[in-house]
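Beneath this line is the structure, given in structure tokens, with notes to follow.
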Amino acid sequence: MIMKLKSLNISMGIGETSRITGATTTQIRYWEKKGLIHPIRHEEGGNKRYSLKALTKIIIIKNFIDDGYTLAKAGEMIKAHYQDVDTFRTIVSQRLVGLSHTDNVTRVNLGEIDNDPGFDLVIETRGQDVKVLKRARQD
């Protein structure tokens, strides 16, 4: 599903972006000038457009600023957030073996434990309860 969303190539102009995010067009242009967000252009000389990822960043930056953070601090926090997301994406793409749901339990199998062959690392969640388990491999 994520790949389908990326392939949709959804974008919007600055006015619609401002309306949706609550950030003013002046704020959006300033944050762009500061390198915090990056618009796209679909054709040479075309108007700037903002992707779903840019809209998400604008909303997060605006929330940080509304909560009293400076723009510099908001920029640091959003950079750290996206580094965390990229790290998590790498872990999932390289290690996820299985994901299952039984009753009210979700199990995430991250595959064989590197320093303990024969066992998988499994994360189980029940509501807010999370357990990290070592399970014998079932090849």
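Computed over heavy atoms, backbone and side chain alike; hydrogens, waters and symmetry mates excluded. Small disclaimer: the values here were computed from a predicted structure and weren't measured. We're numbering straight along the sequence, starting at 1.
- Between Leu55 and Thr21, the closest heavy-atom pair is O-CG2, 3.9 Å.
- Within 6.0 Å of OH on Tyr82 lie more than 12 heavy atoms contributed by other residues, nucleotides or ligands.
- Side-chain heavy atoms closer than 4.5 Å link hydrophobic residues (I, L, V, M, F, W, Y) into clusters, and following such links, even through other members, never connects Ile59 to Met77.
- Contact check on Arg29 versus Glu32 returns no salt bridge, with no Lys/Arg side-chain nitrogen under 4.0 Å from an Asp/Glu carboxylate oxygen.
- Linking Ile, Leu, Val, Met, Phe, Trp and Tyr whenever their side-chain heavy atoms come within less than 4.5 Å puts Phe88 and Leu110 in one cluster.
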> Is there a side chain to side chain contact (heavy atoms under 4.5 Å, CB included) between Ser18 and Ile28 once you walk through the steps?
Replying inline: CA-CA 8 Å; Ser18 173; Ile28 294 168; 4.1 Å; yes
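- Annotation for Ala54 and His38: closest pair CB-O, 4.3 Å, computed over non-hydrogen atoms.
- Using modelled atom types, one side-chain atom of Thr56 and one backbone atom of Leu52 make a donor-acceptor pair closer than 3.5 Å.
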> After noting the C-alpha distance and the side-chain angles of Tyr50 and Glu16, does the key distance pass the side chain to side chain contact (heavy atoms under 4.5 Å, CB included) rule?
Replying inline: CA-CA 9 Å; Tyr50 298 87; Glu16 189 69 3; over 6 Å; no
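- If you take CG on Asp129 and CG on Asn104, they are separated by 10.0 Å, rounding to the nearest 0.5 Å.
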>> One pair to check against side chain to side chain contact (heavy atoms under 4.5 Å, CB included): Trp31 and Ile65. What are the steps and the verdict?
In response: CA-CA 12 Å; Trp31 299 342; Ile65 289 178; 3.6 Å; yes
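- Using a 4.5 Å heavy-atom cutoff, the side chains of Lys131 and Ile123 are not in contact.
- A heavy-atom distance below 4.5 Å is found between the side chains of Ile61 and Ile37.
- If you chain together hydrophobic residues whose side chains sit under 4.5 Å apart, Val122 and Ile113 never meet in one group.
- Contact detail for Ile40 and Ser11: the closest heavy-atom pair is CD1-CB, 3.9 Å.
- Heavy atoms only, all atoms of each residue included: Leu96 and Gly98 are closest at CD1-O, 3.5 Å.
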>> side chain to side chain contact (heavy atoms under 4.5 Å, CB included), that's the test. Do Glu124 and Arg126 meet it? Break it down for me.
In response: CA-CA 7 Å; Glu124 286 187 358; Arg126 277 187 179 90; 4.0 Å; yes
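- A distance-only check finds a donor-acceptor pair linking the side chain of Thr24 to the backbone of Gln27 [under 3.5 Å].
- For the pair Ile58 and Ala23, the tightest heavy-atom approach, listed with the atom from each and the gap, is CG2-CB, 3.8 Å.
- Between the side chains of Glu76 and Tyr69, no donor-acceptor pair is found at a separation under 3.5 Å.
- Under 4.0 Å is where a charged nitrogen must lie from a carboxylate oxygen, and between Arg95 and Glu112 no such pair does.
- Residues Phe119 and Arg137 approach most closely at N-CG, 3.5 Å, considering heavy atoms.
- Checked against Leu99 for a side-chain contact (heavy atoms from CB on, under 4.5 Å), the options Val92, Asn109, Thr106 give a single hit: Thr106.
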